[in-house]
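Input: a single structure, listed below in structure tokens.
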Amino acid sequence: MSALRVRYFAALRDALGREEERVPVAGEGLRLAALRDLLLERHGEAAGALAAPGVRVAVNQAFAESDDPWLVPGDEVAFLPPVTGG
Amino acid sequence: MSALRVRYFAALRDALGREEERVPVAGEGLRLAALRDLLLERHGEAAGALAAPGVRVAVNQAFAESDDPWLVPGDEVAFLPPVTGG
Amino acid sequence: MRPEIRVGPEDFDLGEAYAALRRRAPAAGAVAAFVGCVRDLSDGGAVDVLELEHYPGMTERSVAEVADEAARRWPLDALTVVHRVGRLGPAEQIVLVLAASAHREAAFDAARFVMDYLKTRAVFWKRERGPAGERWIESRASDHAAAAAWRDSAEDAPER
Amino acid sequence: MRPEIRVGPEDFDLGEAYAALRRRAPAAGAVAAFVGCVRDLSDGGAVDVLELEHYPGMTERSVAEVADEAARRWPLDALTVVHRVGRLGPAEQIVLVLAASAHREAAFDAARFVMDYLKTRAVFWKRERGPAGERWIESRASDHAAAAAWRDSAEDAPER
């Protein structure tokens, strides 16, 4: 199944109105930056929340330090608002 | 009973070889400084421990900040080595 | 020393967790502990329910990383971190930290470090519900300052 | 807020003391705790027995003064201090501090302050017995430095 699993947590889930979605990708994959463009196109204004200050992205449950990571089908990408544990 | 109760704790009890003693005083009492002289006379070298660094004196269970306090019969005077609680 | 980590909805018992820690570190001279509970009043007003969301898998790893960092910085004999998730009512327990060391300085420092880092690095999100509705709690500047202070002091961290 | 103080030979139970503290401060968001135990090894070598001497009356008052000073410095909802006396074996519990407050900073600070001040101001004396004989423990310079640091910071003590 040639898709990414994209997950939204906490306030971002509320903003996007969903907790996850499948994003089909071509076999060779795409950069995280390209996924952002794709999500903006798909969700319009609501996707602005993904670029809010403090929002971080995890690729396969590890924080991405830039928009450079290359994503391939099967990867799990999560958008995480600032954490408030403890 | 016209006496002070003088108590020694911990290492000072070992040094003086006793945990307490009665020191008779005249009706009008005496200063803590005078009690020290009296104890030096009574115990000789052993009483040197009472003037060791860090030793404090409590009069009626409150720390004396100097050798000035005036002691009257019935008072309790205690010599306390540096504390090591906690 | 392998930190004991637990993330889940179950409540914890400080006395039992302490007894278990002492079994792992019977010779430790000092144990510092912290328990965080739901307050009935927050910046947003009265609180009826606190919901703790997490990211299963990533959350456990983020807590373990905080604990491992504490174990690198201080000579700990044992370390326990328990963090609850799900719906909690006022006064319910949220988080437990126990740190055992030979001396009190390391035990206190490590417990406080773990709490400061959990606040800013562990993957949890809190939502409050009260009479005024519900809201996601925002991260506190003071929590980030507390965590940053440890980072700044990393070079002269105690090496006892 | 009236600190709960106990000085005596009886052992204590952290879990029970915590439950009692929570009953006095049910709304506190943060509880910091410390337990100090007899180490089986000290500067003087192996330890078989630790003897804790005190001055009945004056000792209780000195502990209460430390607790009261903590309560003046931080906004505490509850504070418990238990200190044992008499003969203790290796790994036995000596001292317990529990501090409850709205926020973790005050709870941690108060618990640590109480320990630092107990070390230098509370009227107890420790004697160790081991294979090498017995000796009165000397007060540690690091304990005096820790207590002095609080005195120096008195002016900018947190007033939360």
Side-chain angles (χ1 to χ4, degrees), chain C residues 12-19 21-23 25-43 46-47 50 77 90-105 107-116 118-119 140 142-143 145-146 149 158 160, chain D residues 12-23 25-42 46-47 50 77 90-105 107-116 118-119 140 142-143 145-146 149 158 160:
Chain C
F12 53 80
D13 183 284
L14 172 61
E16 282 173 22
Y18 171 72
L21 180 96
R22 294 285 311 173
R23 283 193 291 274
V31 176
F34 182 84
V35 180
C37 298
V38 180
R39 287 189 298 144
D40 52 6
L41 202 77
S42 80
D43 306 337
V47 178
L50 183 76
D77 293 330
E92 274 203 79
Q93 301 183 129
I94 304 169
V95 59
L96 168 69
V97 178
L98 282 162
S101 185
H103 296 287
R104 74 185 185 286
E105 295 83 358
F108 270 122
D109 279 347
R112 190 163 188 161
F113 170 90
V114 167
M115 279 308 305
D116 288 346
L118 283 181
K119 290 271 177 189
R140 291 164 64 199
S142 61
D143 287 336
R160 278 167 287 228
Chain D
F12 53 80
D13 182 285
L14 172 61
E16 283 173 22
Y18 171 71
L21 181 96
R22 295 285 312 171
R23 283 192 293 274
V31 176
F34 181 85
V35 179
C37 298
V38 180
R39 288 188 299 143
D40 53 6
L41 201 77
S42 81
V47 178
L50 183 76
D77 293 331
E92 273 204 78
Q93 301 183 129
I94 304 170
V95 60
L96 168 69
V97 178
L98 282 162
S101 185
H103 296 288
R104 74 185 186 285
E105 296 83 358
F108 270 123
D109 279 347
R112 190 163 188 161
F113 170 90
V114 167
M115 279 308 304
D116 288 346
L118 283 179
K119 291 271 178 190
R140 291 163 65 200
S142 62
D143 287 336
R160 279 165 288 225

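Labels below follow one simple rule: chain letters A, B, ... track the order of the sequence lines, proteins then strands, and each chain is numbered from 1. Side-chain atoms are counted along with the backbone in the values below, which use heavy atoms only and exclude waters and symmetry mates.
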Structural part of [X] lying under 4.5 Å from a heavy atom of chain C:
X	result
D:A146	side chain
D:P90	neither
D:Q93	side chain

(message) Has C:R140 got a side-chain atom pairing as donor or acceptor with C:K119's backbone, closer than 3.5 angstrom?
(response)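 Answer holds: no.
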(request) Check whether any side-chain N or O of D:R104 sits under 3.5 Å from a backbone N or O of D:G29 as a donor-acceptor pair, and report yes or no. (result)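 No; zero donor-acceptor contacts below 3.5 Å.
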(message) With chain C as the partner, which of D:A100, D:G36, D:P26, D:A111 has the greatest number of non-hydrogen pairs under 4.5 Å?
(response)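 Top count of heavy-atom pairs under 4.5 Å with chain C: D:A111.
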(request) Identify which of D:A107, D:A17, D:A102, D:A33 forms the greatest number of heavy-atom pairs closer than 4.5 Å to chain C. (result) D:A33
(message) With chain D as the partner, which of C:D116, C:V95, C:D13 has the greatest number of non-hydrogen pairs under 4.5 Å?
(response)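 Sorted descending by pairs with chain D, the first entry is C:D116.
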(request) Please report the closest heavy-atom contact between D:R22 and C:C37, naming both atoms and the distance. (result) NH1-SG, 3.1 Å
(message) Side chains of D:M115 and C:E105, heavy atoms from C-beta outward: is any pair under 4.5 Å?
(response)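 No, too far: nothing below the 4.5 Å cut-off.
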(request) Find out whether C:D77 and C:L21 are in side-chain contact, i.e. whether some heavy atom of one side chain is under 4.5 Å from a heavy atom of the other. (result) no
